[in-house]
Each structure stands twice: as structure tokens, then as C-alpha cells.
Amino acid sequence: MKPTVAPFPVARLRRTRKSESLRALVQENVLTVSDLIWPVFVRDGENIEEPIASMPGVFRYSVDRVVEAAKEAHALGIPVICLFPYTDPALKTEDCAEAWNPNNLSNTATRAIKAAVPEISVMTDVALDPYNINGHDGLVENGEIVNDPSVQALTKMALSQADAGADIIGPSDMMDGRIGTIREALEAAGHQNVTLMSYSAKYASAFYGPFRDAVGASGALKGDKKTYQMNPANSDEALRLIERDLQEGADMVMVKPGMPYLDICRRVKDGFGVPTFAYQVSGEYAMIQAAAQNGWIDGEKAMFESLMAFKRAGCNGILTYFAPAVARKLAGQ
Ligand code: PBG
């Protein structure tokens, strides 16, 4: 649809920008608390809130503290909390068996949150990197990230998360065929109502740096992730991945990172009309926080503007480390 504009001075587009009330009246997009998914980092121990240097304002919580965080998130109206474990390096192996241990950190945290705050949805991450001695999202054999054995491992991981009570499972590994295999396994195990939010269009990005510090994977990672994550130069390929994952049983899809890939969000929403999400990743968060801490930008305004961009691009929601700060602000706190 092409917007109609009468010639000047019949049309003066500044008329509807004249006052706060007129600007509010013609505002096209709104950011609300129900748009937010809050990614949190979980570690072992008790009563711990450990700051992450490269992500000011973000912490690694022990399980008891992540339960408190989930309670606060629910009270603020945040619908989903997404768990990322910081795994003890001693538990990282080549076969990544800790990933499907029913009592690993992620599963323990899921059970604890669902017991204390059943109303909040828990999202979990399916990828082997927190458990892999190589830091990769799939299994490594002779230097190669092997697809099909990785899918088998990832499926065991997804099943253990569903058994622990996860509401949304987010495969972030970018192996081929994992959505179909996971969906089939979930159906067979009686988990037909567990939803899959596929990280369908996930790019091999420089913006994940602080996250890899947060989950302790930076030191472990050998090489890069370019044989499975997407080339930042590609756009049509993202649509093929989205279509493939939808056919295999994804309920929702994600584009990641966020701000540098808003064109992809828009193409996905227009092309498929499915629940579309973006992940405002650690590097995007760190850039805004670092500039704000230096007094170079207004952090709060930049936070809201950066999130509104996703609504404008057609996203139904955003994974963002800003979630609690935004929710508090929206609630007038
Ligand atoms: C790992 C995973 C990554 C992120 C989410 N899941 C990092 C990676 O692929 O290396 C990044 C999130 C962020 O940067 O905030 N499967």
C-alpha cells in the first residue's frame, strides 16, 4: 500500500506532530510488557548474583535467585523467561552428555521456576555449546561439526527440557533437520503442547561476544560457527530456513541478532505471517549500555527506541536483556 500525500500546503505532515496528544493519537506501533522475553543466566551455588563485566546490569543467578527473578518478572507482567546455563568447565565433554542430564542446571532451574511461578512461561535453549569442550553448538568429529549425530544429541536435550517442564523450546544450534526430529520426539513422548521457537535465521555474528563470556563458552570455542550459522550477507536464504522450519513443526520463528537484521524480520513477517521474534543480542545490549555509561547517549531513550524498531519491523516480541528495566519503566516504576 502506498501512503497518499496531498500536495503542500493541503498536506502538512507536521500537523499531526504538533502536540503530545496528537502524536500519541497517530502512533502506529506500541511496545508493551507482553512483547518481552527475558534471557537470564543461571549458575550453580546459592544466593549468588554475579555481575557479568561485558553486560552491565546483567547477572548470573544461582537457582534460588533465578526463582526470585522469575517472581519479579511475573509480577511485572513479563510473559516469558529464557534460561541460559553457565556450566562448570569440569562438566564440559566431547559427547556433551550434561546437556540431557535431567538434573543439569537448566532443568533444575526450570523445575524450580515452574514450581514457584507456574504462570510464567519458561523457554530453554537447545544447543550444545554450554556443555561442549569445543564450544560448538554441535558435536565435533575430526574438526567437523557433524550434523546428524548432533541432531540426535539435541533431540535428547530437548526432551529432557520438556520433561523438566519447559513451555517453549528454542533450538539455537542451526543444524539441518533438528526441528522435525525434535517435534516428532516431543509428540511421541506426550509433549504435544510444548512449543518450538526456532532460531531459524541465526547469523554467524560478531555481536554474540558478551554472551559467550556470560555462559563461559568464549575460551572453549575453537574456530568459528560459519558452517552452521548464516552468512551476514544473505537474505533469501533466511526465508528458506524459516519456511523449512515451519514445515518441520516450528510454532514461532526467530531472527538473530536483531537490530542489524531488521530487514529480515520484515521479510519474514510479510512473507509468512507467523509469530516472529527477534533477539536483541548481548553485543547490541553492551553497545547501548557502554555508550550510556560514558554519557554519549541517553541509555533509557536508546533502549526504548531500539526495541520499538522491532515492533516497526513486524516482530511479535523481542528477547532482550532490557526486559525488566523496560517493564519497570512501563509500569511507571
Ligand atoms: C548458543 C547461543 C548464542 C546466543 C544464544 N544462544 C551464542 C552463539 O551462537 O555463539 C547468543 C545470545 C546473545 O549474544 O545474547 N547457541
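Fair warning: this is a prediction, and the values are worked out from it, not measured in the lab. Order of appearance sets the numbers: ligands from 1, and atoms from 1 within every ligand. We count residues from 1, following the sequence as given.
Listed by chain and number, the residues in a side-chain contact (heavy atoms from CB on, under 4.5 Å) with Glu119 are His74, Val117 (sequence neighbours excluded). In terms of the side chain to side chain donor-acceptor pair (under 3.5 Å) criterion, Lys156 has no residue partners (sequence neighbours excluded). Partners of Tyr131 under the ring pair (Phe, Tyr, Trp, His ring centres under 6.0 Å) rule, at least two apart in sequence or in another chain, do not exist in this structure.
Every protein residue with a heavy atom nearer than 4.0 Å to ligand 1 is included here: Phe84, Asp125, Ala127, Asp129, Asp137, Ser172, Lys202, Phe207, Tyr208, Phe211, Arg212, Lys225, Gln229, Lys256, Tyr279, Val281, Ser282, Tyr321.
In this structure, Leu83 and Ile113 have side chains that are in contact, with non-hydrogen atoms separated by less than 4.5 Å.
Side-chain contact, Ser62 with Arg43: no donor N or O sits under 3.5 Å from an acceptor N or O.
Checking each of Asn316, Thr276, Thr195 against Met252 for a side-chain contact (heavy atoms from CB on, under 4.5 Å) leaves exactly one that passes, namely Thr195.
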